[in-house]
Amino acid sequence: MKLNIFANQEQLHEAAAQTIIELLRQKPDAVLGLATGGTPVGIYEALAAAVRRGEVSFARATTFNLDEYVGLPPGHPETYRFYMEQHLFRHIDIPPEQTHIPDGNAPELERECERYERLLETAGRIDLMLLGLGHNGHIGFNEPGRVLHSRTHVAVLHPQTRKANARFFRTPEEVPTRAITMGLGSILKARTILLVVKGADKADIVHRALTGPLTTECPASLLQLHPHLVVMLDEEAATKIKRAASG
Ligand code: PGA
């Protein structure tokens with residue numbers, strides 16, 4: 001594992017964006033795994049700025065998002081498709097047909113999961129998978145519990161996740177109860193995983209995920225198995241890991 005700690009979020013966003021930019025320069029047709037949520041917004045801003053300055057192109061890249069809510073109407077501002085358009089896709093030069101997000105309105109969700117998994121297989125391995133970390137240790141919507149799934153599947157959102165995401169909705173009841181998410185196996189197949197974690201409220205969980213036992217109760221702990229895991233933390237998220245390392 002390669003651990004990088006940044007003095008502030010701006011530096012972290014730039015560094016994470018730079019990792020993606022360098023990959024695209026070396027491999028213009030790279031396959032990228034992308035995440036939503038609060039964590040990547042600044043990274044996407046930095047990528048959009050780099051495209052505007054002509055420093056990088058996504059014209060030949062392919063992207064796969066980790067997850068999508070089930071049942072939100074198409075175009076709903078909290079769908080992850082909307083989020084991706086708003087924060088990244090409309091600002092970069094990627095052709096829409098090269099961007100993939102599960103369809104949370106598919107008539108048969110199981111078939112949609114299979115379709116997504118097949119698309120992933122057809123694209124070859126994800127070169128770089130960008131991940132955030134949930135307060136409960138989830139990755140995508142792979143929630144803590146007795147079992148984890150390897151492949152893309154329909155997940156029931158953990159109450160803590162619905163509570164955390166309620167800040168984006170008018171009322172907590174509006175937060176969907178299910179989502180389609182890549183499984184841990186689909187995620188771990190990526191050549192490189194870039195885990196980005198920010199904020200004091202994640203210091204405990206990132207410490208547990210990266211130094212604790214591998215357990216389904218903390219899905220992110222399985223990332224310890226990955227041979228090319230790059231972790232980027234801001235100072236606040238790193239406090240517990242640094243304390244543990246120094247004493
Ligand atoms: P956040 O979510 O980036 O909004 O904190 C991360 C996650 O829940 O995976």
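Counting starts at 1 for both ligands and their atoms, following the listed order. When a residue number appears, it is its place in the shown sequence, counting from 1.
Close approach of ligand 1 to Gly38 (heavy-atom distance below 4.0 Å) involves ligand atoms 1 (P), 3 (O), 4 (O). Atoms of ligand 1 lying under 4.0 Å from at least one heavy atom of Arg167, given by number and element, are 4 (O).
The shortest contact between atom 5 (O) of ligand 1 and any protein heavy atom is with Lys202 NZ, 2.7 Å. For atom 9 (O) of ligand 1, the nearest protein heavy atom (residue, atom name, distance) is His138 NE2, 3.2 Å. Distance from atom 6 (C) of ligand 1 to its nearest protein heavy atom, with residue and atom name: Leu133 O, 3.6 Å. Looking from atom 3 (O) of ligand 1 to the surrounding protein, the closest heavy atom is Thr39 OG1, 2.5 Å.
Salt bridge Lys198/Asp234: absent, no basic N to carboxylate O contact under 4.0 Å. Under the 4.0 Å criterion applied to side-chain N and carboxylate O atoms, Glu114 and Arg111 are not assigned as salt-bridge partners.
A distance-only check finds no donor-acceptor pair linking the side chain of Ser150 to the backbone of Gly183 [under 3.5 Å]. Not one N or O on the side chain of Ser186 forms a donor-acceptor pair closer than 3.5 Å with the backbone of Met182.
Relative orientation of the His228 and His226 rings is perpendicular, given thresholds of 30° and 60° on the angle between their planes.
Between Thr36 and ligand 1, not a single N/O pair is under 3.5 Å apart.
Distances from ligand 1 to the non-hydrogen atoms of Lys198 include no value under 4.0 Å.
The shortest distance between side-chain heavy atoms of His158 and Arg162 does not fall below 4.5 Å. Using a 4.5 Å heavy-atom threshold, the side chains of Lys240 and Val206 count as separate.
Residue Thr161 does not touch ligand 1, judged by heavy-atom distances below 4.0 Å.
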